[in-house]
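In listed order, ligands and their atoms are each counted from 1. If you read the sequence from its start, that first residue is 1, and numbering goes on from there.
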Amino acid sequence: MSHTWTHVPGVTLLGDAAHLMPPLGAGANLAMLEGAELAEAIATGPGDLNEAIHAFEEQMWGRASRWAKITTAGLERLVSPDPAEALALFDQVQPS
Ligand SMILES: Cc1cc2nc3c(=O)[nH]c(=O)nc-3n(C[C@H](O)[C@H](O)[C@H](O)COP(=O)(O)OP(=O)(O)OC[C@H]3O[C@@H](n4cnc5c(N)ncnc54)[C@H](O)[C@@H]3O)c2cc1C
């Protein structure tokens, strides 16, 4: 589920390019939050720019992985032929 990559100095991804997921209310919010966090990491992070960007990536990957699970469960509920079984999927994932 989780999409990660080996850090490449001087470049990174965020938003859908980093973690495309079902369109259930998370993607644009994550992209905007990540843009702000990346700017903050560059402006105020540790002295080494690549360390700051890599720390940003680690934080983004963990959160995006959790939201990918939540939105995938939501999509499965929306399209499931068995509503009772689909509803139980929401007990398996919790936002954090
Ligand atoms: C039907 C639907 C409903 C959604 N509803 C919600 C919602 O309610 N809430 C929510 O938070 N999210 C929602 N999303 C998800 C949200 O739209 C995306 O997660 C968000 O737009 C991602 O932003 P982004 O900047 O990463 O990518 P994008 O918005 O895709 O922006 C990428 C931009 O790069 C441009 N581009 C691509 N290639 C190049 C190139 N080679 N050179 C220059 N420019 C290029 C594209 O034209 C585009 O403008 C929904 C998505 C869909 C499809």
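Those atoms of ligand 1 that come under 4.0 Å of a heavy atom in Ala26, given as number and element, are 10 (C), 11 (O). The atoms of ligand 1 that sit less than 4.0 Å from any heavy atom of Pro23 are 2 (C), 3 (C), 4 (C), 50 (C), 51 (C), 52 (C).
Between His3 and His19, a ring centre-to-centre spacing not shorter than 6.0 Å is recorded.
Protein heavy atom in closest approach to atom 25 (O) of ligand 1: Ala31 CB, 4.5 Å. The closest protein non-hydrogen atom to atom 16 (C) of ligand 1 is Ala28 N, 3.6 Å. With respect to atom 24 (P) of ligand 1, the closest heavy atom belonging to the protein is Asp16 N, 4.2 Å.
Checking atom 48 (C) of ligand 1 against the protein gives no heavy-atom contact under 4.0 Å. Counting only heavy atoms, the protein gets under 4.0 Å from atom 2 (C) of ligand 1. Protein heavy atoms are absent from the space less than 4.0 angstrom from atom 40 (C) of ligand 1. Under the 4.0 Å distance rule, the nearest protein heavy atom to atom 51 (C) of ligand 1 falls inside the cut-off. Checking atom 18 (C) of ligand 1 against the protein gives a heavy-atom contact under 4.0 Å. Within a 4.0 Å radius of atom 44 (N) of ligand 1, the protein contributes no non-hydrogen atoms. Distances from atom 35 (C) of ligand 1 to the protein include no heavy-atom value under 4.0 Å.
Aromatic ring orientation, Trp61 versus His54: perpendicular (interplanar angle above 60°, classes split at 30° and 60°).
Here the side chain of Ser65 pairs no donor or acceptor atom with the backbone of Gly62 at under 3.5 angstrom. Side chain of Glu34 to main chain of Leu14: no donor-acceptor pair is present (N/O by atom type, distance under 3.5 Å, no hydrogens or angles). With hydrogens and angles ignored, the 3.5 Å screen pairs no side-chain donor or acceptor of Asp16 with any backbone N or O of Gly27.
Taking each of Leu20, Leu14, Leu13, Asn29 in turn, the one with a heavy atom nearest to atom 11 (O) of ligand 1 proves to be Asn29. Looking at Gly15, Pro22, Gly25 and measuring to atom 6 (C) of ligand 1, the nearest heavy atom belongs to Gly25.
Screening Thr72, Leu75, Leu30 for a side chain to side chain contact (heavy atoms under 4.5 Å, CB included) with Met21, the sole residue that qualifies is Leu30.
Closest heavy-atom contact between Asn50 and Asp48: N-OD1, 3.0 Å.
The CD atom of Glu57 sits 10.0 Å away from atom OG1 of Thr6, with the distance rounded to the nearest 0.5 Å.
Between Arg63 and Glu37 there is a salt bridge, since at least one side-chain N of the basic residue sits less than 4.0 Å from a carboxylate O of the acidic one.
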